[in-house]
2 protein chains.
Amino acid sequence: MAKQKIIDAAIAVLNEDFSAPLDKIAAKAELSRRTLHRYFRDRAELLEACRVDMMHTWQTAMMAACRQGKDPVLQLELMLYAGIDCGEKYAFLDTLQEQAPATTQDKAYAAARDNWFRHVPALQRKGMISKELTVPWIRILFVQMIRSTIQALRSGSVVPNDIKKMAWYSFRRSIGMA
Amino acid sequence: MAKQKIIDAAIAVLNEDFSAPLDKIAAKAELSRRTLHRYFRDRAELLEACRVDMMHTWQTAMMAACRQGKDPVLQLELMLYAGIDCGEKYAFLDTLQEQAPATTQDKAYAAARDNWFRHVPALQRKGMISKELTVPWIRILFVQMIRSTIQALRSGSVVPNDIKKMAWYSFRRSIGMA
DNA sequence: TTATAGTGTCACACATTTGTGATATTTGTC
DNA sequence: GACAAATATCACAAATGTGTGACACTATAA
């Protein structure tokens, strides 16, 4: 589907340069700018479509991840993998979220994501997560670990197969897990 | 000095949106766009000034850090702190480096930064750094840890005093150190 | 007070980006 | 081949961003 192709291109381009001209997005999608405009009235509409698409992708991946286990540690691992699978979509969504004020939908998204982090204090008491770290810091680490993975994949200097394992290893240890 | 004020504003704005209009930079610097143009002929000149400023800041911090110890682990810790002290400058410089082809000066910068990472294989053999991780991945983690710190500071949700400690703790452990 | 340096405001030409209409050209299907 | 759907190309007006000149408005020092 051309529409999805455009959205994917837009996410890829805007993630690197938020004010990039539509030509660049069209080029990335291998379409003319004119065709892009046939699917999206204007820049704002495209941006909104990106937001919805990213949210949907992330939610779907998250749901699948969370269904698989009740153990918070396993859930966290699966959440990280879900974020990685969403790739740029997750990172860019996170950026967009900062720029625009939260709508009702956004709040649902944020709630879904934040849900896990409620477990942190309990895990800290159990000594599974370092007590030196704060919850906001751990959240930031989580997002940045996904960004690191994206960058590693894009740079091509790391073998794709190894990345997920390395990411989980690094993230797990960065928050004080064994 | 107004010139420095503009450069700082430019780094802050362009770090978030590389194609942001000059109006935004001028606004951030609390100056009119006309005044900005009195200091910098055009966008390219401002960008170049940013690059030089960031490189200088980073080099200075790095030199100071490296003078303090011969132990690679201590050096790494001090390098991380240097990066954090440079703040956005380090992260943006890293971005710029990707976009523009390396000049002679850039190579010197890159060399200084990369210098430390030569120690990694030796440290891996000693079992101080995880053998599961690759050098490119460790480099990415280093940069992203600085970005995490910037974000944490900017969000205001983490106490500044704690950040450096948390960043070093998380980075150290993420690469497999004790 | 009078210079003078730094800044702000306004106006302007120019370039780029954006959104749209008109008209081919391609693509797939019958 | 004939047809319809999707796309490309071109042209164009409107909006936005860029760089510059002219001039007015502070300050501060001589």
Side-chain angles (χ1 to χ4, degrees), chain A residues 1-57 88-89 91-93 95-101 103, chain B residues 1-57 88-89 91-93 95-101 103:
Chain A
M1 187 106 175
K3 199 159 183 170
Q4 190 59 43
K5 201 172 172 186
I6 295 170
I7 291 175
D8 290 339
I11 291 170
V13 170
L14 298 178
N15 189 37
E16 294 211 314
D17 182 358
F18 190 69
S19 297
L22 296 179
D23 303 77
K24 279 195 187 175
I25 297 171
K28 183 90 173 179
E30 295 171 300
L31 289 168
S32 68
R33 190 168 58 87
R34 191 65 188 82
T35 302
L36 188 154
H37 274 297
R38 286 208 182 83
Y39 288 96
F40 303 97
R41 190 180 314 280
D42 54 23
R43 192 184 182 85
E45 197 173 303
L46 174 57
L47 220 64
E48 175 60 16
C50 286
R51 204 185 56 78
V52 171
D53 174 83
M54 294 186 294
M55 217 143 88
H56 184 257
T57 303
E88 283 163 326
K89 292 189 181 181
F92 185 37
L93 178 54
T95 308
L96 259 191
Q97 227 67 40
E98 283 173 21
Q99 304 222 358
T103 67
Chain B
M1 186 105 174
K3 199 159 184 172
Q4 190 59 43
K5 201 174 173 185
I6 295 171
I7 291 175
D8 290 339
I11 291 171
V13 170
L14 298 178
N15 189 37
E16 295 210 314
D17 180 359
F18 189 69
S19 297
L22 296 179
D23 303 75
K24 278 195 186 173
I25 297 171
K28 184 87 173 183
E30 295 172 299
L31 289 168
S32 67
R33 189 167 60 85
R34 191 64 188 82
T35 300
L36 188 154
H37 274 297
R38 287 205 182 88
Y39 287 95
F40 303 98
R41 191 180 312 280
D42 55 22
R43 193 183 181 86
E45 196 173 304
L46 173 57
L47 221 65
E48 175 59 17
C50 287
R51 204 185 56 78
V52 170
D53 175 83
M54 293 186 294
M55 215 143 88
H56 183 257
T57 304
E88 281 163 326
K89 293 189 181 182
F92 184 37
L93 179 53
T95 308
L96 259 191
Q97 227 68 39
E98 282 172 22
Q99 305 225 0
T103 67

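Residue numbers start from 1 in every chain, and the chains themselves are labelled A, B, ... in the order their sequence lines are given, proteins ahead of strands.
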Rounded distance in Å - CD1 (B/Ile25) to C1' (D/dT18): 12 Å
Within the structure provided, determine whether A/His56 and A/Asp53 are in side-chain contact (heavy-atom separation under 4.5 Å). no
Hey, does A/Tyr39 reach any base, or is it just sugar-phosphate, or nothing, if we go heavy atoms under 4.0 Å? sugar-phosphate
How many whole angstroms separate atom CG of B/Leu22 from atom C1' of D/dT20? 14 Å
Using a 4.0 Å heavy-atom cut-off across all strands, classify B/Arg41 as base, sugar-phosphate, or nothing. sugar-phosphate
Check the phosphate of D/dT7 against A/Thr35, side-chain N and O only, distance under 4.0 Å to OP1 or OP2. Yes or no? no
Could you walk me through whether B/Leu36 and B/Ile6 pass the side chain to side chain contact (heavy atoms under 4.5 Å, CB included) test, one step at a time? CA-CA 7 Å; B/Leu36 188 154; B/Ile6 295 171; 4.0 Å; yes
Could you tell me the boundaries of the chain A footprint on DNA chain C, defined by atoms under 4.0 Å from its heavy atoms? C/dT17 to C/dA22
Donor/acceptor link under 3.5 angstrom from B/Arg43 side chain onto base of D/dG17: no
Taking NE2 from A/His37 and C1' from D/dA14, how many angstroms apart are they, rounded to a whole number? 13 Å
B/Leu46 CG to D/dT18 P, straight-line distance once rounded to whole Å: 11 Å
Kindly determine whether A/Asp8 and A/Lys89 satisfy side chain to side chain contact (heavy atoms under 4.5 Å, CB included), including the steps that lead there. CA-CA 8 Å; A/Asp8 290 339; A/Lys89 292 189 181 181; 3.5 Å; yes
What integer distance in Å separates B/Asp42:CG from D/dG17:C1'? 13 Å
Does atom CD of B/Glu30 have more than 12 heavy-atom neighbours, drawn from other residues, nucleotides or ligands, at distances under 6.0 Å? no
I want to check something: taking the side chain as every heavy atom from C-beta on, are B/Val13 and B/Asp17 in contact at a cut-off of under 4.5 Å? no
Applying side chain to side chain contact (heavy atoms under 4.5 Å, CB included), run through B/Leu93 and B/Thr57 and close with a yes or a no. CA-CA 10 Å; B/Leu93 179 53; B/Thr57 304; over 6 Å; no
From the candidates D/dT18, D/dT20, D/dA8, the one with an atom nearest any side-chain atom of A/Leu31 is D/dA8
Separation of atom CD in A/Glu30 from atom P in D/dT7, rounded to whole Å: 13 Å
What verdict does the side chain to side chain contact (heavy atoms under 4.5 Å, CB included) test give for B/Phe40 and B/Ile7, after you've listed the backbone C-alpha separation in whole Å, the side-chain angles of each residue and the deciding distance to 0.1 Å? CA-CA 10 Å; B/Phe40 303 98; B/Ile7 291 175; 3.8 Å; yes
For atom CE of A/Met1 and atom C1' of D/dT7, their distance in whole Å: 15 Å
Among the candidates D/dT9, D/dG19, D/dA22, find the nucleotide nearest to the side-chain atoms of A/Arg38. D/dT9
